[in-house]
Amino acid sequence: MWEEEKRDDGVKWQQLEHHGPYFAPPYERLPDHVHFYYNGKPMKLSLATEEIATFYAKMLDHEYTTKDIFQNNFFNDWIKEMTPEERKKIRELGKCNFEEIHTYFAEKHEAQKALPKEEKQKLKEEAEKIQEKYGYCIIDGHREKIGNFKTEPPGLFRGRGNHPKMGMLKKRVMPEDVIINCSKDSAIPQPPPGHKWKEVRCDNTVTWLASWTENIQGALKYVMLNPSSKLKGEKDWQKYEVARCLKGVVSKIRSQYRADWKSKDMKIRQRSVALYFIDKLALRAGNEKEEGETADTVGCCSLRVEHISLHPHLDGKENVVEFDFLGKDSIRYYNKVPVEKQVFKNLQLFMKKKNPGDDLFDWLSTSSLNKHLQDLMDGLTAKVFRTYNASITLQEQLEALTNEDDSVPAKLLSYNRANRAVAILCNHQRATPKTFEKSMQNLQAKIDAKKDQLAEAKAELKRVKADHKAKKDVKSKTAVEKKKKMVEKIEEQLAKLNMHATDKEENKQIALGTSKLNYLDPRISVAWCKKFGVPIEKIYNKTQREKFAWAIAMADEDFEF
DNA sequence: TGGCTGACTTGACAGGATCTTC
DNA sequence: GAAGATCCTGTCAAGTCAGCCA
């Protein structure tokens, strides 16, 4: 299935057949006993107004609803959907009371959870039926799983960070909004009764099955295949092959950008410093963004003067650059990095006579950078450096950390540490889990108990040894052997618990999943598992094994990235 | 060259499913 | 078998980058 040949990029498929997206269920009216109150008085709302009110009510215990921008955006959009009478009456969000609606949904949710087993099973079966019909497509004779076959339900927009559009109304997607993509000779999906599609087309140069434009940002949304599909797998493989190509030319590229640090051309000089950051720190490219339309986040090319501070000396190191900015998803990037003298001098030059809000690399854009990279290597773009550096780091760390004689849990700790090094490089963070402190305490209690158990077992061993010394018979000898084994077993368990605790503590605020799924060539992990006798299931769960089926089939223990 | 659009990947997180513990 | 912890999966926002057009 994964023969070593690449698909022609222009043509993606010959046959594509599916049932179209599955639409979010229609809104159901609130029961009569659940009220919305305005200015302390119950008020019956029209269908549309009520539906939007429920979106807000459901989010009442979320931090979003405490934010002014969210409240204002919500209220503005809500008013637009009201009847003229409602609009006349409802003037202030502060006078709206959604509590009863909120409680109603909370109780409904609890009731759903408390449903008897049989009821739950019934619901599960219904969901499976839907999945069976809408969740798969036929592409070039293969039945493949679809990634997201449901349209996004209406609700309030949840932008990340300080998003200026948070709280706006995300409208219901209707069949009339949806473009269907399928092959000409296939059975065209049926729109829901009484509706029609916006368009049905056959474009085999793209991989999506259906698309629509969302109303908040005017962006396109797509129904696409699941990562386990052959099409996605091939693309994934290609991505890592490009990154492996970079391995062959990276030292040449590095020499060149170092030379360019002294270029007389400002464009080249800025480009060379930016590329150095992208390579060394695995920064994202940093496309320009429309001001006021999204949260204020940056990447390398869009860094502003205010995002870095220069320290000739800091913590005993020279030429330190302190980065502090919000990156993708408004995740903070904070790092103090010693750099080469020439880079430091260049940064001083780039910052000269600029205001904090000015672009650091004012002569550089992501497209000019990528054009340059394309000239250096076919298929090379800024993000390839991230993939390359992530994968090579994993490989190097695994090499350095794995001890052949270690137990499987110890090897897994090494693997996680290697994975963690990558996640730190790529700045993949997560919020500390809510239950972290408590579960850490529980784990510590277990460790303490195990220690006691070990001490007891050791004392016991000492006793039977003395007994054997005195008696010197077979029975007492067997007892000694038995106790010895017991002590070993407990020691092993204790070591395992300790490793688990270390792993957990080190992982407190770091997300491993993103790098594992998107940046680490899975063949490195497969090879490592084969080489060190670690079952692949310990590294990849079922879904991940499906996504990386190509790598599992392809890589042997000698694979080198 | 730069703005815009479309296609696709990357990313954090919520909540459901499953496992573990008592 | 209930409760709690952990894992897994889906969701959907937010990036990257190529190609088109003026």
Side-chain angles (χ1 to χ4, degrees), chain A residues 9 12 24 62 109 112-114 117 120 123-124 127 131 135 146-153 155 157-161 163 165-166 170 179 181 203 205-208 211 213-214 216-222 224-227 231-232 235-236 238-239 278 284-290 293-295 297-302 326-331 365-371 373-374 379-387 390 423 426-431 433-436 438-443 445-446 500 504 509-511 513-519 540-544 546-547:
Chain A
D9 246 349
K12 313 281 176 184
H62 203 290
H109 182 71
Q112 192 79 8
K113 276 201 290 189
K117 228 178 181 177
K120 278 188 180 169
L123 288 171
K124 203 175 161 190
Q131 162 90 37
I146 298 171
N148 56 324
F149 60 90
K150 290 177 180 165
T151 62
E152 292 172 17
F157 178 71
R158 302 179 175 211
R160 317 225 171 102
H163 202 296
K165 295 190 173 181
M166 65 167 77
K170 212 175 98 166
I179 302 172
N181 193 24
D203 181 355
T205 67
V206 297
T207 64
W208 53 268
S211 73
T213 305
E214 55 90 34
I216 305 282
Q217 332 233 33
L220 277 155
K221 297 266 178 169
Y222 301 95
M224 285 189 185
L225 292 174
N226 186 270
L231 188 71
K232 291 281 187 189
K235 286 199 154 227
D236 211 29
Q238 262 177 40
K239 174 181 79 181
I278 285 169
R284 295 186 188 84
N287 283 314
E288 257 179 89
K289 298 169 78 184
E290 215 173 322
E293 292 293 302
T294 57
T297 63
V298 297
C300 186
C301 295
S302 50
L326 296 182
K328 182 175 176 180
D329 292 323
S330 293
I331 297 291
S365 70
T366 50
S367 69
S368 69
L369 174 67
N370 279 334
K371 269 187 195 123
L373 293 175
Q374 188 61 237
L380 186 61
T381 64
K383 95 184 171 87
V384 178
F385 279 88
R386 232 166 123 79
T387 312
C426 294
N427 199 40
H428 290 144
Q429 300 186 24
R430 63 164 181 173
K434 281 171 197 139
T435 51
F436 184 84
K438 201 171 169 229
S439 76
M440 208 64 202
Q441 277 171 10
N442 290 347
L443 189 54
K446 264 191 200 169
H500 185 51
K504 208 176 159 89
Q509 286 176 296
I510 296 165
T514 306
S515 51
K516 203 174 192 177
L517 285 174
N518 300 301
Y519 288 104
Y540 293 136
N541 66 35
K542 190 169 155 276
T543 320
Q544 292 165 340
E546 280 166 11
K547 172 174 161 118

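Chain letters run A, B, ... following the sequence lines, proteins first and then strands; every chain starts at 1. Only a predicted model underlies this, so the values are computations on that prediction, with no experimental measurement involved.
For Lys239(A), the side-chain atoms get nearest to dT10(B) when compared with the rest of dC8(B), dT10(B), dC13(B). Of the listed nucleotides (dC8(B), dG11(B), dC13(B)), dC8(B) has the atom at the smallest distance from the side chain of Val206(A).
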Would you list the protein and nucleotides 18-22 of chain B atom pairs, both N or O, that sit under 3.5 Å from each other?
unit_1: dT21(B); atom_1: OP1; unit_2: Lys446(A); atom_2: NZ; d: 3.1

Tabulate protein N/O versus nucleotide N/O from nucleotides 13-19 of chain C, keeping only pairs under 3.5 Å, one per line.
unit_1: dA13(C); atom_1: OP1; unit_2: Lys170(A); atom_2: NZ; d: 3.1
unit_1: dA13(C); atom_1: OP2; unit_2: Lys221(A); atom_2: NZ; d: 2.6
unit_1: dA13(C); atom_1: O4'; unit_2: Arg160(A); atom_2: NH2; d: 3.2
unit_1: dA14(C); atom_1: OP1; unit_2: Arg160(A); atom_2: N; d: 2.7
unit_1: dA14(C); atom_1: OP2; unit_2: His163(A); atom_2: NE2; d: 3.4
unit_1: dA14(C); atom_1: OP2; unit_2: Gln217(A); atom_2: NE2; d: 3.3
unit_1: dA14(C); atom_1: O4'; unit_2: Asp329(A); atom_2: OD1; d: 3.4
unit_1: dG15(C); atom_1: OP1; unit_2: Thr297(A); atom_2: OG1; d: 2.8
unit_1: dG15(C); atom_1: OP1; unit_2: Asp329(A); atom_2: N; d: 3.1
unit_1: dG15(C); atom_1: OP2; unit_2: Lys289(A); atom_2: NZ; d: 2.9
unit_1: dT16(C); atom_1: OP1; unit_2: Ala285(A); atom_2: N; d: 3.3
unit_1: dT16(C); atom_1: OP1; unit_2: Gly286(A); atom_2: N; d: 2.6
unit_1: dT16(C); atom_1: OP2; unit_2: Asn287(A); atom_2: N; d: 3.0
unit_1: dT16(C); atom_1: OP2; unit_2: Asn287(A); atom_2: ND2; d: 3.0
unit_1: dC17(C); atom_1: OP1; unit_2: Thr381(A); atom_2: OG1; d: 2.7
unit_1: dC17(C); atom_1: OP1; unit_2: Ala382(A); atom_2: N; d: 3.2
unit_1: dC17(C); atom_1: OP1; unit_2: Lys383(A); atom_2: N; d: 2.6
unit_1: dC17(C); atom_1: OP2; unit_2: Asn370(A); atom_2: ND2; d: 3.1
unit_1: dC17(C); atom_1: O5'; unit_2: Asn370(A); atom_2: ND2; d: 3.4

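Checking the phosphate oxygens (OP1, OP2) of dC8(C), a side-chain nitrogen or oxygen of Asn541(A) falls inside 4.0 Å. Contact check, Tyr519(A) against dT9(B): no side-chain N or O comes under 4.0 Å of OP1 or OP2.
Residue Thr207(A) is classed as a sugar-phosphate contact, given heavy-atom separations below 4.0 Å to backbone atoms only. Within the 4.0 angstrom heavy-atom criterion, only backbone atoms of the sugar-phosphate kind lie near Ala431(A); the bases stay farther away. Contacts of Pro227(A) with the nucleic acid, taken as non-hydrogen atoms under 4.0 Å apart, are absent. Counting any heavy atom pair closer than 4.0 Å across all strands shown, Lys232(A) reaches sugar-phosphate atoms only and no base atom.
Judged by closest nucleotide on DNA chain B, Ser367(A) is the one of His428(A) and Ser367(A) placed further toward the 5' end. Toward the 5' end of DNA chain B, the nearer of the two residues Gly218(A) and Leu517(A), judged by each one's closest nucleotide, is Gly218(A).
Using a 4.5 Å heavy-atom cutoff, the side chains of Thr207(A) and Met224(A) are in contact. Contact check for Tyr540(A) versus Lys547(A): no side-chain heavy atoms found under the 4.5 Å cut-off. With a 4.5 Å cut-off on side-chain heavy atoms, Lys371(A) and Leu369(A) do not count as touching. Put simply, the side chain of Glu214(A) reaches to within 4.5 Å of the side chain of Lys221(A), judged on heavy atoms.
Looking only at atom types and distance, the side chain of Gln429(A) has a donor-acceptor partner in the side chain of Asn427(A) under 3.5 Å away.
The CD-P distance, from Glu293(A) to dG3(B), rounds to 15 Å in whole Å. The interatomic distance linking Leu231(A) (CG) with dA7(B) (P) rounds to 14 Å, in whole Å. When the C1' atom of dC12(C) is taken as reference, atom CZ of Phe149(A) falls 15 Å away, rounded to whole Å. Separating the CH2 atom of Trp208(A) from the C1' atom of dT5(B) is a distance of 13 Å, rounded to the nearest angstrom. For the pair Ile146(A) CD1 and dG10(C) P, the interatomic distance rounds to 13 Å; values are reported in whole Å. Taking atom CD of Gln238(A) as the reference point, atom P of dT9(B) lies 10 Å away to the nearest angstrom. In this structure, the CG atom of Asp236(A) is 15 Å from the P atom of dC8(B), given to the nearest Å. Going from atom CG of Asp203(A) over to atom C1' of dC8(B) covers 14 Å, rounded to whole Å.
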Next item on the list: Mind running salt bridge (charged side-chain N to carboxylate O under 4.0 Å, His left out) on Lys170(A) and Glu152(A) for me, showing each step along the way?
Entry: CA-CA 9 Å; Lys170(A) 212 175 98 166; Glu152(A) 292 172 17; 2.9 Å; yes
Notebook entry, point to check: How far apart are the C-alpha atoms of Thr297(A) and Lys289(A), what are their side-chain angles, what is the distance that settles it, and do they pass the side-chain hydrogen bond (donor to acceptor under 3.5 Å, both in side chains) test?
Noted result: CA-CA 9 Å; Thr297(A) 63; Lys289(A) 298 169 78 184; 2.5 Å; yes
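The environment of CD in Glu288(A) is sparse: at most 12 heavy-atom neighbours from other residues, nucleotides or ligands sit within 6.0 Å.
The shortest heavy-atom contact between Asn226(A) and Lys232(A) is O-CG, 3.6 Å. Looking at every heavy atom in both residues, Ile216(A) comes nearest to Phe157(A) through CD1-CB, 3.8 Å.
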